[in-house]
Structures are given as structure tokens and as C-alpha cells.
*Asks:* 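Quick one: this structure, given as C-alpha cells, is what I'll be asking you about.
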Amino acid sequence: MIERNNDFITGLLIGGLAGVLIGILYAPKSGRETRDDIGKKTEELMAKAKDEYDQAMEKSRKAYETAVKAITDVRRKAEEKAEEVEKTAAELKERGKETLQEGAGRVKRAVDAGLEAYRQEKEAPAE
């Protein structure tokens, strides 16, 4: 974008200078009047080129600020999502741990009950 603006400004200056030169060649005025006209036109062209440059810089600045804001927003959202995923993973880990402990407790109770039933059966008088 800046390159296009530089090309435009360059074209504006070259075109302006070409116009001034053509004006000098075909001017029916005296040398002093022609020089005054050239000076005025040069000042006008320089002012216009400066305005164009300032506008291009302002557009570039706004585009840069917009890009920085967008990148910052994306980064913030990515960090938030990462925190959510981390929290969910921690919760799932805890649930899995609790479920595993509950299952292990049930198996232990079942084994203990089976052993107790076996002992009782073994100690019972044979009929």
C-alpha cells in the first residue's frame, strides 16, 4: 500500500514538473511572470504532495493499529480457550481418578465378601 502511494506521489511530481515545463515553453508572459508562476505552481504541487503523503501515512497508521488490535484479540481468545481446555482436562482427570477409586473400592468389597463367604462355607459343619 505504501509502495502504491509512493508511486502516486512520484507520478504526481513528475506530471507536475512536465506540466510546468510545457507551460514555460508556451507561456506568452515575461520571464519574471513565468518564474513567479512556476514558483506558485511548485508550491501548490509540494503542498498537494505533502497532503497526499500525510493521508497515506494516516491510512497506513490506521491499518497498522487495526491489525495490531485484531492480533491482540486473537491472542486473548486463544489464551482463554487454552485456559478452558486446561480446566476441563483437570476436571476430567479428577473425575476419572474418583471413578477409578470407587471401582477399586467396589472390587475390594466384592473380593472381601467372596473371601468371607468362602471362610464361612469352609468353617460350616458338613451335613
Side-chain angles (χ1 to χ4, degrees):
M1 182 169 164
I2 293 174
E3 192 172 307
R4 282 194 294 159
N5 288 332
N6 286 339
D7 291 345
F8 175 76
I9 292 170
T10 303
L12 181 69
L13 290 174
I14 291 172
L17 290 175
V20 168
L21 290 175
I22 291 172
I24 290 171
L25 293 175
Y26 292 101
K29 299 179 184 179
S30 71
R32 182 177 246 343
E33 289 176 342
T34 302
R35 284 190 300 274
D36 288 343
D37 286 349
I38 291 171
K40 287 178 188 175
K41 290 292 182 184
T42 302
E43 288 174 10
E44 289 174 13
L45 285 173
M46 291 303 289
K48 188 170 183 174
K50 184 183 181 314
D51 289 343
E52 291 291 331
Y53 175 79
D54 290 343
Q55 289 176 5
M57 289 303 292
E58 182 64 20
K59 286 180 183 178
S60 296
R61 185 188 60 79
K62 286 180 181 178
Y64 173 78
E65 289 174 356
T66 300
V68 167
K69 184 180 182 306
I71 290 169
T72 302
D73 288 347
V74 167
R75 181 179 179 192
R76 182 184 48 81
K77 287 178 184 177
E79 287 172 351
E80 288 173 0
K81 290 294 181 187
E83 288 174 8
E84 287 178 27
V85 168
E86 192 174 304
K87 183 179 176 183
T88 302
E91 289 173 2
L92 289 173
K93 177 183 171 185
E94 190 61 34
R95 281 190 214 159
K97 187 177 179 181
E98 290 171 3
T99 302
L100 184 62
Q101 288 172 346
E102 288 174 9
R106 279 189 242 145
V107 168
K108 185 176 181 335
R109 287 191 299 272
V111 168
D112 289 345
L115 286 173
E116 183 62 30
Y118 173 74
R119 280 189 213 124
Q120 287 176 359
E121 189 64 35
K122 193 173 180 180
E123 291 175 4
E127 294 179 27

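The first residue in the sequence is number 1, and the count goes up from there. Worth saying up front: this structure is predicted, and the values here are computed from it rather than measured.
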*Asks:* Can you list, pair by pair, the side-chain donor-acceptor contacts under 3.5 Å of residues 78-93, counting residues two or more places apart and other chains?
*Replies:*
{"from": "E79", "atom 1": "OE2", "to": "R75", "atom 2": "NE", "distance (Å)": "3.3"}
{"from": "E80", "atom 1": "OE2", "to": "R76", "atom 2": "NH1", "distance (Å)": "3.1"}
{"from": "T88", "atom 1": "OG1", "to": "E84", "atom 2": "O", "distance (Å)": "2.9"}

*Asks:* Run the side chain to side chain donor-acceptor pair (under 3.5 Å) test against E123 and tell me which residues pass, sequence neighbours left out.
*Replies:* none
*Asks:* Could you list the donor-acceptor pairs under 3.5 angstrom formed by side chains in residues 97-108, with sequence neighbours left out?
*Replies:*
{"from": "T99", "atom 1": "OG1", "to": "R95", "atom 2": "O", "distance (Å)": "2.9"}
{"from": "K108", "atom 1": "NZ", "to": "D112", "atom 2": "OD2", "distance (Å)": "3.3"}

*Asks:* I'd like to check Q55 versus E52 (side-chain heavy atoms, cut-off strictly below 4.5 Å). Are they in contact?
*Replies:* yes
*Asks:* Quick one: side chain to side chain donor-acceptor pair (under 3.5 Å) partners of E65, sequence neighbours excluded?
*Replies:* R61
*Asks:* My understanding is that only residues two or more places apart in sequence, or in another chain, count here; which of them pass side chain to side chain donor-acceptor pair (under 3.5 Å) with K50?
*Replies:* D54
*Asks:* Please identify each residue that fulfils side chain to side chain donor-acceptor pair (under 3.5 Å) with D73, with sequence neighbours left out.
*Replies:* K69
*Asks:* To the closest 0.5 Å, what do you measure between CD (E116) and CZ (R109)?
*Replies:* 15.5 Å
